[in-house]
Protein chains: 2
Amino acid sequence: MSTADTQALELSALVLGAANTLVDGIHSGVVARGFDDLRPAHGFAFARLAPDGATVGELAEHLGVTKQAASQLVEELVGKGYVERQPHPFDARARLVVLTEQGSACTRAADAAAADVVRPWLNQLGAKRMRALRDDLAKIAARGHLRPTW
Amino acid sequence: MSTADTQALELSALVLGAANTLVDGIHSGVVARGFDDLRPAHGFAFARLAPDGATVGELAEHLGVTKQAASQLVEELVGKGYVERQPHPFDARARLVVLTEQGSACTRAADAAAADVVRPWLNQLGAKRMRALRDDLAKIAARGHLRPTW
DNA sequence: CTATGTAGTCAAGTGGCTTGACTAAGTATG
DNA sequence: CATACTTAGTCAAGCCACTTGACTACATAG
């Protein structure tokens, strides 16, 4: 196996490990802040709904699941008070799913939890290399090599 | 929200996106190489079994599932010819799960697929920053801020 | 030798997801 | 406008990876 391949393997493992740490850490932080009836999958939904809401179909595509699954997820979140369905402004077939105040509070909690996870990384690497890390990953993403869902 | 928090959010999204790209890309590459009866979860199992095999319990802990689930996964992989159970050298209760030749071939395919995913990153960033990226992630991991499962 | 702990499997139940079928509303064609 | 087609969403049923609970076989401490 070539050196480049070995490097690729190491990098893969590290990226996957970092992602794992993030998902677990964010979830733990969200739970610790009182939102204990949510799972990581809900966070990925919130990320799509956060700015201006989304339709069930858009959410489904973002999550990589069927519309039916997304619809069920929305129904669950409605029941728990995190989101609500509104009539779509332009398309009477569609319904706009938006965060409630509770949902917004949860996304703020998730943001804070993410910061908690990343903070030790910042302390370890320093601000300069941290920026470089972010910029390099952004460069990769900008070239379309990352899925647009996140 | 502070600047550091914004940076943390961006970084989180980028890392998660990169991980997503890796998982999808590796899986696609493995399927394309003829191992089309496997799912990403099997790859995570192979990663633990690859060097010297592991017990069902060890595999379960690595994957973050129950022993029963791991046992079922092993049973499935046995049926497909990727792994086999051997008597454990020291503990008659335990059984050592090891890769078959087919299983090893699959891990090599996964390695190659990972390299395929990472290669465009290397081309985009250059060797120097690529090394820096890996080293920084390794530094973070070395401090125990990443889950040891990967 | 006995009691407790550990490795693994069997059995049954669960929950998130899928496919399939359907209604309501938009859109394009004549 | 009238018909055919597409799209947004839900309802219903089934699937499958995972869970909890119960159990056997072996190990280990007292």
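Within every chain, numbering begins at 1; the chains are lettered A, B, ... in the order of the sequence lines, protein sequences first and strands thereafter.
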Trainee: Could you tell me how far apart A/E61 (CD) and D/dT7 (P) are, to the nearest whole angstrom?
Mentor: 13 Å
Trainee: Would you mind classifying the nucleic acid contact of A/E75 as base, sugar-phosphate or nothing, using non-hydrogen atoms under 4.0 angstrom?
Mentor: nothing
Trainee: Kindly give the heavy-atom pair with the smallest separation between B/A115 and A/A8, and that separation in Å.
Mentor: CA-CB, 3.7 Å
Trainee: Start at the 5' end of DNA chain D and walk down; is the nucleotide closest to A/Q72 or to A/H88 reached first?
Mentor: A/H88
Trainee: On DNA chain C, check which nucleotide each of A/F90 and B/L96 is closest to and give me the residue with the more 5' one.
Mentor: B/L96
Trainee: For A/S71 and for A/R93, locate the closest nucleotide of DNA chain D by heavy-atom distance; then report the residue assigned to the nucleotide nearer the 5' terminus.
Mentor: A/R93
Trainee: Output all residues satisfying salt bridge (charged side-chain N to carboxylate O under 4.0 Å, His left out) with A/R95, sequence neighbours left out; order by chain, then residue number.
Mentor: none
Trainee: The side chain of B/T66 lies closest to which of these nucleotides: D/dA8, D/dT19, D/dC18?
Mentor: D/dT19
Trainee: What's in the same ILVMFWY side-chain cluster as B/V98, cut-off under 4.5 Å, chained through other members?
Mentor: B/L96
Trainee: Do the side chains of A/E75 and A/R85 get close enough for a salt bridge, i.e. N-O under 4.0 angstrom?
Mentor: yes
Trainee: To the nearest Å, give me how far apart CD (A/Q68) and P (D/dA12) are.
Mentor: 13 Å
Trainee: CZ of B/F44 versus P of D/dA17: gap in Å, rounded?
Mentor: 16 Å
Trainee: Applying a 4.0 Å non-hydrogen cut-off, can you work out what B/A69 is touching in the nucleic acid: base, sugar-phosphate, or nothing?
Mentor: base
Trainee: Check whether A/R129 reaches the backbone of A/L125 with its side chain - one donor and one acceptor, N or O, closer than 3.5 Å.
Mentor: no
Trainee: Nearest to the side chain of A/T55, heavy atoms from C-beta on, is which of D/dT6, D/dG9, D/dA25?
Mentor: D/dG9
Trainee: For B/T55, does its backbone N or O pair with a side-chain atom of B/E58 as donor and acceptor, under 3.5 Å?
Mentor: yes
Trainee: Between B/H27 (side chain only) and B/D24 (backbone N and O only), is there a donor and an acceptor less than 3.5 Å apart?
Mentor: no
Trainee: Rounded to the nearest angstrom, tell me the gap between atom NZ in B/K67 and atom C1' in D/dA17.
Mentor: 19 Å
Trainee: Below 4.0 Å from chain A heavy atoms, what is the first contacting nucleotide of DNA chain C and what is the last?
Mentor: C/dG16 to C/dG26
Trainee: Nearest to the side chain of A/D91, heavy atoms from C-beta on, is which of D/dA27, D/dA8, D/dT19?
Mentor: D/dA8
Trainee: Rounded to whole Å, please give me the gap between CG in A/L73 and C1' in D/dG9.
Mentor: 15 Å
